[in-house]
Amino acid sequence: MPNHARHRRPSGNHASRTALTLAFTGAAAALPLLGGGVPAQASAPPKADPHPGPAADRGSARPPAREPLVHVVRPGDDLYRIAAEFHVRGGWRALYADNRRTVGADPNLIRPGERLRIPVPSALPGVPRPHAAPPPERPATPAARPGPHLAATTTADATTAEGDAADAGPEGMPGSWTPVFDDEFNGDSLDTANWSTGWLAAGITPPVGPSEQECYDPAQVSVGGGYLHLDAVRRTEECGGRSRPYASGMVNTNGLHAFTEGAFEARIYLPASADGGVADWPAFWTDGQNWPTDGEMDVMEGLTGLTCYHYHSSTGAPGACADTGPGWHTFGAEWEDGTVTYYYDGRDVGSTSSGGTDEPQYLVLNNAVGSVGGQSEPDDMLVDYVRVWKRGG
């Protein structure tokens, strides 16, 4: 196996996130860290008020702040019922507007495990506080519910909606697109015509880099409830001639599907760490057969709790970070004419050069632990879909 970027990343504690980013990019002036430049999304956990207490105690005439709450979608939920339960002013339309980036283009399609931000006055009597636990280990497919108000869709309806979304093109990327790869994970097992498990070998495999603390075990990969699950757990396993304290999941399309240029997108649930950042080292990326000559496109990887992008080639590894926070997010990249533009939740967050690389690359999704990732808190990384498009009709 050739040397790989994840083999070469520094380990240990770092003085700052900026220093970490510069170590990857090698371009201090051209690629500043973007943390804080991208607003936190609706699915991010609410942050504590740094100045607790009534407004009057702080010498302010402002009314008490409205406390942002988070409701974790349960099987059978719909936006109308949730809005009514929490007395959301403006009803389901206001709730949807506040959570559009989490829910997506179809307000009828919400899924168990999604976190919806609900602004409710903390002093409002009779308003229940939602349960803000992590998503269920194996979310169930939403069942159909009667009624005229945004009832949860059936599996067939969801599949149709997802197919329409794939035909519509990648989120935020203008132009005409033709889908060339689409896995919605709607079955009950991994589609082996699309994916292999582990890192370029069968069975339990070593991680991509020696500083990672997990073995990749096929037992930690599953499909259920409309999601791909890459579940990191604390369990000692042997791989690559050594013992590692964690087991986790990885899938890739090596030898099955590879792509040159186009649009790449995945909707992913990123687990949260105790400090409110992204836990562990989850990633969505592509890789060529001859690294670094054939390139490596890191659409998203969780580094020190942030979500970051980079493009590795023989000319360098430009990139930066954007603080999306944990929860559900859509991560995409448009690779065209030597430039890669990255889209987080449909927003352009930056671009890199592909270093002249134009060789095919295969898809990779993995949930690593340790090294330069966030706080090590083993959890389930969920993937709603992975789609690839080519430019044109």
Side-chain angles (χ1 to χ4, degrees), residues 1-7 166-167 169-170 173 175-185 190-202 205-209 216 218 221 223 228 230 249-268 282-301 309-315 317-319 330-343 351-368 383-393:
M1 185 176 65
N3 287 334
H4 192 282
R6 293 163 80 94
H7 287 205
D167 290 339
M173 304 182 201
S176 176
W177 298 94
T178 299
V180 295
F181 179 90
D182 182 11
D183 198 329
E184 306 288 337
F185 304 110
L190 188 70
D191 187 345
T192 55
N194 285 340
W195 306 97
S196 299
T197 59
W199 179 236
L200 307 183
T205 68
V208 180
Y216 286 119
V221 178
V223 173
L228 168 69
L230 302 177
M250 166 189 275
V251 296
N252 67 83
T253 67
N254 185 42
L256 300 171
H257 304 280
F259 310 93
T260 302
E261 299 195 333
F264 304 75
E265 185 178 277
R267 185 167 182 259
I268 300 172
F284 168 43
W285 50 296
T286 69
D287 203 15
Q289 295 295 329
N290 182 24
W291 190 92
T293 305
D294 292 352
E296 173 192 330
M297 181 173 63
D298 299 333
V299 182
M300 180 283 302
E301 57 180 332
Y309 58 86
H310 295 88
Y311 196 99
H312 297 262
S313 72
S314 56
T315 65
T330 301
F331 300 100
E334 180 184 357
W335 174 15
E336 186 174 29
D337 297 332
T339 299
V340 180
T341 303
Y342 302 87
Y343 292 82
S351 300
T352 64
S353 167
S354 65
T357 303
D358 59 1
E359 293 298 319
Q361 298 182 21
Y362 55 91
L363 306 172
V364 188
L365 291 152
N366 65 296
N367 190 12
V383 184
D384 186 12
Y385 63 78
V386 179
R387 300 168 183 163
V388 181
W389 295 263
K390 290 296 184 184
R391 177 72 72 178

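Across Tyr216 and Pro206, no two heavy atoms sit closer than the pair CD1-O, 3.8 Å. The two residues Thr315 and Gly355 come nearest to each other via the heavy atoms OG1-CA, 3.5 Å. Residue Ser354 comes nearest to Val340 through the heavy atom pair CB-CG2, 4.3 Å, listed as atom of the first residue, atom of the second, then distance.
Under the 4.5 Å side-chain criterion, counting only non-hydrogen atoms from C-beta, Val221 is in contact with Leu230. Side-chain atoms of His312 and Asp298, non-hydrogen and from C-beta on, do get closer than 4.5 Å to each other. The side-chain heavy atoms of Leu228 and Leu190, taken from C-beta on, include a pair separated by under 4.5 Å. Using a 4.5 Å cut-off on side-chain heavy atoms (C-beta onward), Phe284 and Val383 make no contact. Residues His310 and Trp285 form no side-chain contact, since every pair of their non-hydrogen atoms from C-beta on lies 4.5 Å or further apart. Using a 4.5 Å heavy-atom threshold, the side chains of Glu334 and Trp389 count as separate.
Under 3.5 Å, the side chains of Gln289 and Tyr362 contain no donor-acceptor pair of N or O atoms. Side-chain N/O atoms of Trp199 and Asn366 include no donor and acceptor closer than 3.5 Å. For the residue pair Trp291 and Glu296, a side-chain donor N or O sits within less than 3.5 Å of a side-chain acceptor on the partner.
Taking NZ of Lys390 as the reference point, atom OG1 of Thr178 lies at 11.0 Å (rounded to 0.5 Å). In this structure, CD1 in Ile268 is found 5.5 Å from CG in Leu365, a value given to the nearest 0.5 Å. Note that CD of Glu301 is 11.5 Å distant from CZ of Phe331, once rounded to the nearest 0.5 Å.
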Under 3.5 Å, which donor-acceptor pairs do the side chains of residues 255-263 form with other protein atoms, sequence neighbours left out?
unit_1, atom_1, unit_2, atom_2, d
His257, NE2, Ala193, O, 3.2
His257, NE2, Asn194, OD1, 3.0
Glu261, OE2, Asp337, N, 3.0

Using the rule given for side chain to side chain contact (heavy atoms under 4.5 Å, CB included), can you reason through Thr339 versus Thr352, listing the C-alpha separation, both sets of side-chain angles and the distance that settles it, and then say yes or no? CA-CA 6 Å; Thr339 299; Thr352 64; over 6 Å; no
After noting the C-alpha distance and the side-chain angles of Glu265 and Thr330, does the key distance pass the side chain to side chain contact (heavy atoms under 4.5 Å, CB included) rule? CA-CA 7 Å; Glu265 185 178 277; Thr330 301; 3.5 Å; yes
I'd like to know whether Thr197 forms a side chain to side chain contact (heavy atoms under 4.5 Å, CB included) with Trp195, so could you lay out the CA-CA distance, the side-chain angles of the two residues, the decisive distance to 0.1 Å, and finally the verdict. CA-CA 7 Å; Thr197 59; Trp195 306 97; over 6 Å; no
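Panel note: side chain Asp191, backbone Phe185; no donor-acceptor pair is recorded below 3.5 Å. Of the possible donor and acceptor atoms, none in the side chain of Glu359 sits under 3.5 Å from a partner among the backbone N and O of Gly295.
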